[in-house]
2 protein chains.
Amino acid sequence: MSELQWKSALYHLRSQIVSGELIGGTKLRASHLSETMGISRTPISEALIKLEAEGLLIKDKSGYTVRSFALNDVFDAIDLRGLLEGAAVQRAAQIGISDTALTDLETLLADIDSVIESGSVADYDQLNIALHKQLTSLCESEILIAEVNRSYRFPFASPSAFPTRNSDNKRFLASLYVGQAQHRQLVSAIANREGSRAFAIAVEHARLAHANVHAAVSARESSPQLALVNAAP
Amino acid sequence: MSELQWKSALYHLRSQIVSGELIGGTKLRASHLSETMGISRTPISEALIKLEAEGLLIKDKSGYTVRSFALNDVFDAIDLRGLLEGAAVQRAAQIGISDTALTDLETLLADIDSVIESGSVADYDQLNIALHKQLTSLCESEILIAEVNRSYRFPFASPSAFPTRNSDNKRFLASLYVGQAQHRQLVSAIANREGSRAFAIAVEHARLAHANVHAAVSARESSPQLALVNAAP
DNA sequence: ATCATTTTATTTGCATGCAAAATAATCAAT
DNA sequence: ATTGATTATTTTGCATGCAAATAAAATGAT
């Protein structure tokens, strides 16, 4: 497992940014990072270029700066994900899916049911992501799939954002049930070739995350997914 | 005008790819490009990384390859643009726009009318892009605006694709009139705060490009925008 | 103190050298 | 001829040196 230098720099910097360790507005200097990380500037620069393309860094005439996110950016990113996932499932419904694909989806639904009962949030996360990926893949558009996945690049916009924490919280538990009900509606809509229904459900499903963000903010929970978001003005 | 080396490499390579001079599947070697372009490998590598992030190149374990586009990728990219522009104008309609913004839009509409009459396709292109940018900007979501602009990165998906050529062609002239009618409908929907109408018109407006692609393909026109698309299977 | 100007220190953009990896070429054996 | 092993060539990934650009510090003027 050759651990390329630029990759480890990329992963390290990205995790520092999304964890909030590097707050918005921080200037990142290749020469300085090179010293602290003990690797040369060339692979650091590569990592910085890629992080800029991901939208986590902004480049001005001299140097990179960690991007600041306001709360409305969070909502916009969530809505963007809903829009793109919606387009994907709408197309999936229109073209129809195979029996085996439907069986796979139903297996995933059942698995998610059991992890909700068992309360294992880590497993829920993983299965939830798997279901979303599976649903998206059914649209048979490489370009659309790539854009849906790209919309997950900000941690607060990923489908697995917020539900993962505070599993003993009632409101959170309710949102799990609602979300899972929407998953079932989504699969049903696709199976029945109801494209616009599938679209609407996916958009609304993403909107669940709005409520979770609001809850996290008003409870002043230090949610890891919100670490890279600036204090509200 | 400081002409950075990596920028000129980026522009040069990008234009070679979108013009079809470099066809899909071609392998791009930094060392070789360095010699032919007379600049060192470092800025070449930067350009290649950025082109990969743009989706024009694919990187396998060793080296970059020019991406191949099939015809269905073209339609998918056009639909993606329609979806994102649609989301932007829907939001614009929902939040409402200022009087001055509406005046600006109407000025652009009138300008487009006159260039259609005068038949200057280059001017049409520029004004059409300007109108689309203006419309998109009204959604007041930095994140959405960025994604709409990103959806223009493949030349065949940009709003100014196909209409620019064969201005003496009847079918093409008709599509200009239809497109401009849709522009007016779009502005009217936004002014009237009719969000879902605006969305639907934007999606349909992008679909005009489908017909232009079909026409270009069946006429075997060597359309510059289709240069990077592979021969149909 | 505030601001402008010069000086000093960093930092970036680019070139290039080099080892490790990958590709291409050569040859051997079936 | 095809396959496999060996060698030669190219290419990448990384390190690093250097000039030009940028930021920071120091100095001086009001």
Side-chain angles (χ1 to χ4, degrees), chain A residues 1-18 21-68 146 153 228 230, chain B residues 1-18 21-68 146 153 228 230:
Chain A
M1 202 157 292
S2 65
E3 212 32 81
L4 271 349
Q5 306 278 48
W6 67 264
K7 274 195 182 178
S8 72
L10 177 64
Y11 296 156
H12 183 230
L13 287 171
R14 185 158 47 203
S15 86
Q16 287 206 310
I17 294 169
V18 304
E21 216 169 320
L22 285 168
I23 64 173
T26 308
K27 264 216 148 181
L28 258 37
R29 312 233 126 101
S31 54
H32 177 250
L33 292 170
S34 168
E35 287 176 13
T36 53
M37 299 183 55
I39 61 185
S40 88
R41 284 162 12 221
T42 307
I44 298 274
S45 290
E46 273 198 49
L48 294 176
I49 293 170
K50 283 167 196 284
L51 287 168
E52 185 201 2
E54 286 180 22
L56 287 172
L57 297 181
I58 294 170
K59 183 174 187 181
D60 41 45
K61 66 171 66 189
S62 111
Y64 295 87
T65 306
V66 178
R67 169 156 175 190
S68 297
R153 68 194 182 284
L228 70 165
N230 298 124
Chain B
M1 200 158 288
S2 65
E3 213 30 81
L4 270 347
Q5 305 278 50
W6 67 262
K7 275 197 181 178
S8 72
L10 177 64
Y11 297 156
H12 183 231
L13 287 171
R14 186 157 46 203
S15 86
Q16 287 207 310
I17 294 169
V18 304
E21 216 169 321
L22 286 167
I23 64 174
T26 307
K27 265 216 149 184
L28 258 38
R29 306 197 182 260
S31 53
H32 178 250
L33 291 169
S34 167
E35 287 176 14
T36 52
M37 299 183 56
I39 61 183
S40 88
R41 286 166 8 230
T42 308
I44 298 274
S45 291
E46 272 196 51
L48 294 176
I49 293 170
K50 283 168 196 285
L51 288 168
E52 185 201 4
E54 285 179 25
L56 287 173
L57 297 182
I58 294 171
K59 184 178 187 181
D60 41 43
K61 66 170 67 189
S62 110
Y64 295 87
T65 306
V66 178
R67 169 158 176 188
S68 296
R153 70 193 181 284
L228 70 166
N230 297 125

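Within every chain, numbering begins at 1; the chains are lettered A, B, ... in the order of the sequence lines, protein sequences first and strands thereafter. Note that the coordinates shown come from a computational prediction; the quantities given were computed from them, not determined experimentally.
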In this structure, how many angstroms lie between the [atom2] atom of [N] and the [atom1] atom of [X], rounded?
X	N	atom1	atom2	result
B:Leu33	D:dT12	CG	C1'	13 Å
A:Glu3	C:dA21	CD	P	14 Å
A:Glu46	D:dA15	CD	C1'	13 Å
A:Ile49	D:dC14	CD1	P	13 Å
B:Lys7	C:dT12	NZ	P	17 Å
A:Leu48	C:dT11	CG	P	13 Å
B:Tyr64	D:dT12	OH	C1'	10 Å
B:Glu35	C:dT16	CD	C1'	13 Å

Discussion item. Looking only at the side chain of A:Gln5 (C-beta and beyond, no hydrogens), which of the listed nucleotides D:dA15, C:dC14, C:dG17 gets closest?
Written reply: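 Among D:dA15, C:dC14, C:dG17, the one nearest the side chain of A:Gln5 is D:dA15.
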Practice prompt. Measure from the side chain of A:Leu4, starting at C-beta and using heavy atoms only, and say which of C:dA15, D:dC14, C:dT12 lies closest.
Written response: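 My answer, after comparing the listed nucleotides, is D:dC14.
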Worksheet item: Got more than 12 heavy atoms from elsewhere within 6.0 Å of CD1, B:Ile23?
Response: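 Open.
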Worksheet item: DNA chain D: B:Gly63 or A:Ile39, which has the more 5' nearest nucleotide?
Response: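 The answer here is B:Gly63.
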Item to complete: Please examine the side chains of A:Arg29 and A:Tyr64, heavy atoms only from C-beta on, and report whether any two atoms are closer than 4.5 Å.
Response: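 A:Tyr64 vs A:Arg29: side chains apart.
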Worksheet item: Would you find a donor on one side and an acceptor on the other, under 3.5 Å apart, between the side chain of B:Arg41 and the backbone of B:Ser31?
Response: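 Side chain of B:Arg41 to backbone of B:Ser31, a donor-acceptor pair under 3.5 Å: no, none is there.
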Item to complete: Spell out, as yes or no, whether a donor-acceptor pair under 3.5 Å connects the side chain of A:Ser34 to the backbone of A:Ile39.
Response: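 Side chain of A:Ser34 to backbone of A:Ile39: a pair is present.
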Counting only side-chain nitrogens and oxygens, does [X] get under 4.0 Å of the OP1 or OP2 atom of [N]?
X	N	result
A:Ser31	C:dT12	yes
A:Thr42	D:dT16	no
B:Ser40	C:dC14	no

Practice prompt. Identify the two heavy atoms, one from A:Leu33 and one from A:Thr36, that lie closest to each other, and give their separation to 0.1 Å.
Written response: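 Nearest heavy atoms, A:Leu33 then A:Thr36: O-OG1, 3.1 Å.
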Practice prompt. For residues A:Val66 and A:Leu22, report the shortest heavy-atom separation together with the two atoms involved.
Written response: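 Looks like CG1-O, 3.9 Å.
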Worksheet item: Pick from B:Leu28, B:Thr65, B:Ile49: which one makes a side-chain contact (heavy atoms from CB on, under 4.5 Å) with B:Leu57?
Response: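 Among B:Leu28, B:Thr65, B:Ile49, the one that satisfies the side-chain contact (heavy atoms from CB on, under 4.5 Å) with B:Leu57 is B:Leu28.
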Please list each protein N or O that sits under 3.5 Å from an N or O in nucleotides 21-26 of chain D, with the distance.
{"from": "D:dT22", "atom 1": "O3'", "to": "A:Ser62", "atom 2": "OG", "distance (Å)": "3.2"}
{"from": "D:dA23", "atom 1": "OP1", "to": "A:Ser62", "atom 2": "OG", "distance (Å)": "3.4"}

